[in-house]
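As a basis for the values below, the full set of heavy atoms in this structure was taken, side chains included, without hydrogen atoms, waters or symmetry mates. Proteins come first, then strands; the chains are lettered A, B, ... in the order of their sequence lines, and each starts at number 1.
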Amino acid sequence: MVTRIGPSPTGFIHLGNLYNALIGERLARQSQGVFFLRIEDTDAKREVPGAVEIILDALGFFGVVFDEGATIQGDKGAYGPYRQRLRKEIYQTVAKKLVEQGLAYPCFATEEELATMRQKQIEQKLNFGYYGVWATYRNTNLEEIERRLQQGQSYVLRFRSQGNPEHSVKVLDGIRGELELQENYQDFVLLKSDGIPTYHFAHVVDDHFMRTTHVVRGEEWLATAPMHVQVFDALGWNRPIYCHSAQLMKMDGEIKRKLSKRKDPELALAYYQQEGYVPAAIWEYLLTVLNSNFEEWRLANPKANIMDFPFSLEKMSTSGALFDLLKLNDISKEVILNMSAQEIYTQLLLWAKNYDPSFAALLESDAGYAQRIIDVGRQGERPRKDLICWRQARDFLSFYYDETFTIEDSLPANITDALRKEIITKYLATLDYNDTQEQWFAKVKTICQDLGFALQAKKYQKNPQDYPGSIVDLSNTIRMALSGRLNSPDLWQISMILGKDRCIRRLKQFAENGDNFASTPA
RNA sequence: GGCGCGUUGGAGAAGUGGCUUAACUCACCAGCCUUUCACGCUGGCAUUCAUGGGUUCGAAUCCCGUACGCGUCACCA
C-alpha cells in the first residue's frame with residue numbers, strides 16, 4: 001500500500017492530522033509499502049512562513065517517519081516535487097488534456113456574479129452552486145473565450161461535469177465499505193485564477209502520479225468524493241481506495257462537534273509538546289480510539305512494541321469519537337511506568353530545556369539525584385504511577401529541590417502550633433538515619449502514643465474527642481515539613497533521598513514557621 | 001434547504017439473527033489494603049442497544065419511517 005498525509009502549511013497541526021497520519025503509517029508499514037508527506041500549499045492566503053518546519057517538527061516529535069516527501073533539506077523521493085505549488089506545470093498539463101477532451105472550460109464569472117447567483121438560488125430555494133442553467137460560461141464559444149482572454153480577463157478552469165443529481169455513484173471505502181453517494185453535477189473549479197489547482201484537482205493528479213493506493217482522510221471529504229472519482233474516471237485513471245476516517249470530536253458545552261483549529265488550540269500537537277506528553281502515550285491513546293481491540297491486545301501483551309499490533313481498517317469506527325483527556329492521562333501513566341528512570345530523565349530533561357530552563361538546570365546539576373527522585377516508589381509489586389506528563393512531573397518533583405520547595409498545603413486545625421512544634425521536636429530527638437524503615441516507623445508510633453494520638457486513624461474518626469489527633473496527623477505533620485504537602489510518596493523513602501541535613505533543616509524550619517514558611521531556607 | 005454519514009452506559013467501545021441475564025478500558029461510586037496520596041484488589045454503575053413500525057419461532061444485529069447529531073454544498077483544505 002502507498003499512503004500519505006497532506007497537511008496544509010497553516011502553522012497549525014493538530015491531533016486529527018496525527019490521527020490520520022497514524023492510520024496511513026500503519027497501513028504502509030504493515031504492508032511493506034510507502035508512506036509519504038505531501039505539503040498541500042495551494043492556498044497561498046492561508047500559508048504561514050515556517051509552517052512546513054512546524055509540521056515536520058511536530059510530526060518528528062511524535063516519531064512519524066516518512067519514506068518520501070518534503071523535508072527541511074528539500075524533497076526526498078522519486079515522485080516529487082512533494083510541495084503542490086512546485087507541481088504547477090503538472091496540473092496544467094493534465095488540465096490541458098481535459099480541455100482538449102472538452103471536459104474542462106474557462107469560466108469568467110466574477111466574485112460578484114457568483115454571489116448574486118447564490119443569492120438567487122437561496123431565494124428560489126434551489127441547490128447552491130455552479131451547474132445547469134447557472135453554469136453561464138459552460139457553453140461559451142471559442143471566439144468569445146478568445147476575446148475575453150485577449151482582454152486579459154481573469155478566469156478559472158472548471159470541470160464540465162457529466163453527472164446527474166438523480167444518479168448515484170458507488171465509491172469503495174476501506175473503512176465504511178461500499179458507499180452510494182449522489183453523483184456530482186457541479187462544474188467545480190479545477191484551476192484557480194492564479195493557475196494553482198484546488199484541492200479537488202490537486203488530490204486527483206497527485207495521488208495518481210504519486211501512486212497512492214489508499215487515500216486516508218477525514219470524513220469531511222466524504223461529500224466531495226464523487227467529484228474526485230469523476231475526475232479519476234474522466235482521466236481514465238484508477239481510483240484509489242478511499243479511507244474516510246471518523247473525526248475526533250469534542251464536547252463544546254452541550255454540543256458535540258469536530259475538533260476545530262480556531263476553537264480548540266489545546267488540541268494542537270504543540271499543546272502536547274508543551275505539556276510534555278510522551279509521544280508513545282499519544283500513539284497508544286490514538287490507537288485505542290482507532291482500533292478498539294487495541295486495548296485488549298495491550299492487556300495480553302503489556303510489554304510488546306506498539307508496532308507489533310495488527311492494525312486493521314475493518315476495526316475502525318465510522319462514528320466520531322470524543323477526545324478523552326482523562327483516558328490519555330491514564331495511558332500516559334502506564335507508559336511512563338514502563339520507562340526506566342534513565343529514559344524518563346532523558347525525556348524530562350529535554351522537555352525542561354525547552355519549557356523550563358531553570359528546572360532543567362536543577363535536573364542537570366545532579367543527574368544521579370534526579371534519577372533517584374524519579375524512581376521513588378516505582379519498585380516492587382505495586383509501583384506508583386504518579387507521572388502523567390513532564391509539566392506535571394516538574395510540579396510533582398519540585399519539593400525535592402530546595403530551590404523550588406514551597407509549603408503548598410495546610411495542616412488540619414487539630415494540629416495547633418504547639419502540637420506541631422512538639423511533634424517535630426520529639427521526632428527530631430529520635431531520628432536516626434541508620435534506622436530501617438521498620439525501626440523508623442516504630443519510633444513514629446511511640447511518639448504517637450506519647451502524645452496520646454490514636455494509632456489507628458479509624459479510632460480517631462469514630463471518637464475524635466478522645467484524642468488530639470491520629471497517626472495520620474502525626475505523619476502528615478512530618479510530611480508537610482519535608483514535602484510541603486499533605487500527599488507525597490512514602491515518608492521514609494523521601495527522607496532517605498532528601499538526606500539527613502536537608503530533612504533536619506526543613507523539620508526545624510517547619511516547626512518554627514509552620515504554614516507561614518515562605519521561601520527557601522539558606 | 002439539498003446531499004451524505006452516523007446514533008449501544010458519563011467517555012471509548014465489543015457485538016453483524018439464538019452462546020448477550022450486552023465483553024473490555026477510562027471515569028464515577030462503595031468497600032478493602034494503607035502513616036497521606038497514589039498503586040493494587042473486590043463490588044456497583046445499560047432489564048437494554050435514539051425512536052416508531054415491520055420481517056422472524058427468535059433482533060442491538062435485517063427492512064422502512066421519524067427524531068436527533070455531525071459533515072458538506074468556496075477561486076479553503
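- In this structure B:C3 sits in a base pair with B:G71, meeting the Watson-Crick or G-U test at under 3.5 Å.
- A:K45 comes within 4.0 angstrom of sugar-phosphate atoms only, judged by non-hydrogen atoms across all strands, and of no base.
- Going from the P atom of B:U42 to that of B:U48 covers 29 Å, rounded to whole Å.
- B:A23 sits 36 Å from B:U36 when the C1' atoms are compared, rounded to a whole Å.
- From A:K120, atom NZ reaches atom CG of A:L126 across 11.5 Å, with rounding to the nearest 0.5 Å.
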Apply the test side-chain hydrogen bond (donor to acceptor under 3.5 Å, both in side chains) to residues A:R479 and A:S488: give CA-CA distance (whole Å), side-chain angles for both, the deciding distance (0.1 Å), then the verdict. CA-CA 7 Å; A:R479 192 182 310 284; A:S488 82; 2.9 Å; yes
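- Look at A:K458 and you'll find a side-chain N or O under 4.0 angstrom from OP1 or OP2 of B:C32.
- Within the structure, every side-chain polar atom (N or O) of A:R378 is placed at least 4.0 Å from both OP1 and OP2 of B:A38.
- If you check every strand for non-hydrogen atoms under 4.0 Å, A:R485 touches nothing.
- Sorted by first then second residue, the ring pair (Phe, Tyr, Trp, His ring centres under 6.0 Å) pairs that include residues 106-128 of chain A, not counting sequence neighbours, are A:F108-A:Y137, A:F108-A:Y155.
- Looking at A:N329 and A:Y277, their side chains do bring a donor and an acceptor atom within 3.5 Å of each other.
- Using N1 to N3 plus N6-O4 or O6-N4 for Watson-Crick, or N1-O2 and O6-N3 for G-U wobble, each under 3.5 Å, B:A30 pairs with B:U42.
- Close to B:C76, at under 4.0 Å from its OP1 or OP2, lies a side-chain N or O of A:K192.
- The partner of B:C49 cannot be assigned: no Watson-Crick or G-U wobble pair with both contacts below 3.5 Å exists in any strand.
- Contact annotation: side chain of A:R384 to base of B:C37, donor-acceptor pair present below 3.5 Å.
- The nucleotide B:U16 finds no pairing partner, because no Watson-Crick or G-U wobble arrangement with both distances shorter than 3.5 Å includes it.
- No engagement by A:N329 is indicated, since no non-hydrogen atom pair under 4.0 Å with the nucleic acid exists.
- Counting non-hydrogen atoms under 4.0 angstrom, A:A109 reaches a base of the nucleic acid.
- B:G31 and B:A50 are spaced 36 Å apart, taking the C1' atom of each and rounding to whole Å.
- Remark: B:U21 base-pairs with no nucleotide; criterion is Watson-Crick or G-U wobble with both hydrogen-bond distances under 3.5 Å.
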